[in-house]
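Following: one structure in structure tokens, then a few remarks.
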2 protein chains.
Amino acid sequence: MKAIVPFKKEGAKSRLGQFLSKDEREELAENMLKDVLVALFESEIEEVEIISTGAWDGIPKAAQVGGALDSKSNSRLKATVIEDKRGLNEALNEVIAKEKEPLLILMADVPLTTSKSINEIIEHEEDVVIVPGRKGGTNALFLRRPYDFFLSYYGVSFSDHIETVKRRNLSHAVYDSFFISTDIDEVEDLIELLVHCSGFSAEYLRSIGISLHVDKNLKTRARVCR
Amino acid sequence: MKAIVPFKKEGAKSRLGQFLSKDEREELAENMLKDVLVALFESEIEEVEIISTGAWDGIPKAAQVGGALDSKSNSRLKATVIEDKRGLNEALNEVIAKEKEPLLILMADVPLTTSKSINEIIEHEEDVVIVPGRKGGTNALFLRRPYDFFLSYYGVSFSDHIETVKRRNLSHAVYDSFFISTDIDEVEDLIELLVHCSGFSAEYLRSIGISLHVDKNLKTRARVCR
């Protein structure tokens with residue numbers, strides 16, 4: 001089974017700008033992608049297509065990402081990178097329109113994703129499995145007949161996808177996962193990485209001096225100590 | 001099996017203060033408690049003890065809460081309310097020290113909780129099941145031998161509870177649920193209620209004019225229209 005991971009490095013994660021430099025944000029984005037790839041490599045997924053929707057000097061480096069992963073997994077997984085600078089919906093809707101086989105679409109900024117969850121998602125028999133992200137988002141989507149679906153990311157995509165399911169008379173399930181719901185966009189999302197992640201992203205954050213701090217009101221924050 | 005739900009109405013949800021009046025926040029808190037009780041009533045849990053850690057004019061009203069629920073479930077569940085104005089840790093640690101039977105502790109502000117999740121949590125064979133909340137929190141905790149455990153809510157309670165598990169040589173599992181992780185504390189958490197909840201809390205929010213709004217940057221917000 002194939003998974004598609006849309007990825008944007010250039011100017012990634014701008015909302016972390018008060019906290020991390022542009023280079024750091026881009027490096028964090030690459031490390032999160034690595035964590036997502038590790039989870040995919042350790043799952044039943046056999047093929048990954050990374051769709052890069054911005055300039056990415058790392059397209060040749062994708063081999064390195066693979067290299068980093070090979071040491072972590074006995075993978076029979078094949079990964080390729082495709083560049084498509086259109087918006088997420090345009091790029092992905094073109095892909096799924098042509099796709100006859102079941103497909104998982106997984107965001108690149110959900111580094112807490114586990115292989116156990118990926119396997120549970122793709123085992124569903126429903127036509128569509130929607131995995132919510134926070135604030136009405138859709139962080140993973142499993143399409144048994146991709147050509148029958150239409151993607152509308154941005155806005156309240158969870159509700160839009162549910163509507164599409166109903167309008168097209170498809171069966172669906174909602175897969176409930178805190179770890180997949182946790183996309184890393186804002187400074188306070190870094191807390192989740194530091195508490196729950198043992199992968200590349202948390203290691204990277206610690207290497208640049210980001211750590212957890214509980215203040216005197218017992219409020220937890222991510223803190224920079226450089 | 002018994003569940004304990006700590007609840008505080010008085011001055012509840014102060015971080016929603018820029019958006020909701022004190023009365024509205026307290027009413028929202030009661031409606032969230034009702035949603036949590038519905039999920040418990042529809043699960044395998046047989047007994048619920050609500051521990052009220054603040055003044056609650058609703059202690060006599062708990063019967064009403066039960067009344068609202070009776071119409072929704074064929075419940076054989078027994079609910080009682082205990083008042084204990086000490087802090088959460090003090091009140092709950094005293095309860096679990098005396099408790100010989102397996103126990104679920106579930107927060108009152110996680111209205112998206114499903115009965116399916118509750119049943120899956122209490123089916124675990126591990127000594128302890130920890131259900132993370134956002135920002136390092138613990139939103140549900142299942143203790144097979146409550147008298148063997150020690151609770152430390154506040155701060156990074158997830159990590160504190162994992163440490164306690166290890167120090168006491170207990171077996172444990174982490175139960176991964178977006179819906180249980182979603183405690184309603186901040187204005188943007190209301191988005192989750194409006195997108196995913198079909199219960200009392202979302203109905204209440206809509207009744208006081210709170211709705212979803214997607215702005216021109218496709219950012220989703222909860223909005224007041226009165």
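Computed from a prediction, not measured in an experiment: that's the story for all the values here. Every chain is numbered from 1 and lettered A, B, ... according to where its sequence line falls, protein lines coming before strand lines.
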Minimum heavy-atom distance between A:F178 and B:G133, given as atom pair plus value | CZ-O, 4.0 Å

Taking every heavy atom of B:S52 against every heavy atom of B:G54, the minimum-distance pair comes out as OG-O, 2.9 Å

B:K8 and B:T53: which non-hydrogen atoms are nearest, and at how many Å?
-> CB-OG1, 3.6 Å

Measure the shortest side-chain to side-chain distance between B:I180 and B:T182 over non-hydrogen atoms and say whether it is less than 4.5 angstrom.
-> no

So do A:V36 and A:F7 actually touch side chain to side chain, heavy atoms under 4.5 Å?
-> no

Can you name the closest pair of heavy atoms from A:E24 and A:L20 and give their distance?
-> OE1-CA, 3.4 Å

Using a cut-off of under 4.5 Å for heavy-atom pairs, which of A:I191, A:L190, A:D189, A:V174 has the most such pairs with chain B?
-> A:I191

CD/A:E188 to CG/A:L16 distance, rounded to the nearest 0.5 angstrom?
-> 11.0 Å

salt_bridge(B:R25, B:E30) N-O dist < 4.0 Å | no

Is the closest side-chain heavy-atom distance between A:F142 and A:V128 below 4.5 Å?
-> no

B:V131, part contacting chain A, at a heavy-atom distance under 4.5 Å | neither

Do you know which of A:T220, A:V195, A:D176 has the most heavy-atom pairs under 4.5 Å to chain B?
-> A:D176

Less than 4.5 Å apart, any side-chain heavy atom of A:I4 and any of A:L104?
-> no

Are there residues of residues 108-127 of chain A that reach to under 4.5 Å of chain B by heavy atoms, and which ones?
-> A:S117

A:D215 meets the salt bridge (charged side-chain N to carboxylate O under 4.0 Å, His left out) criterion, sequence neighbours left out, with A:R221

Please report the shortest heavy-atom distance between A:S201 and A:N31, naming the atom on each side.
-> OG-O, 3.6 Å

Please state whether the side chain, the backbone, both or neither of B:L194 comes within less than 4.5 Å of a heavy atom of chain A.
-> neither

Salt-bridge criterion met for B:R134 and B:D185 (N-O under 4.0 Å) = no

Distance-minimising heavy-atom pair for A:N139 and A:S181 | ND2-O, 3.2 Å

For chain B, find its close neighbours in residues 84-93 of chain A: heavy-atom separation under 4.5 Å, sorted by number, or none.
-> none

Salt-bridge test for A:K2 and A:E46: reply yes if a basic N is under 4.0 Å from a carboxylate O, no otherwise.
-> no

Do any of residues 151-165 of chain A come closer than 4.5 Å to chain B, heavy atom to heavy atom, and if so which ones, in number order?
-> A:Y154, A:G155, A:V156, A:F158, A:S159

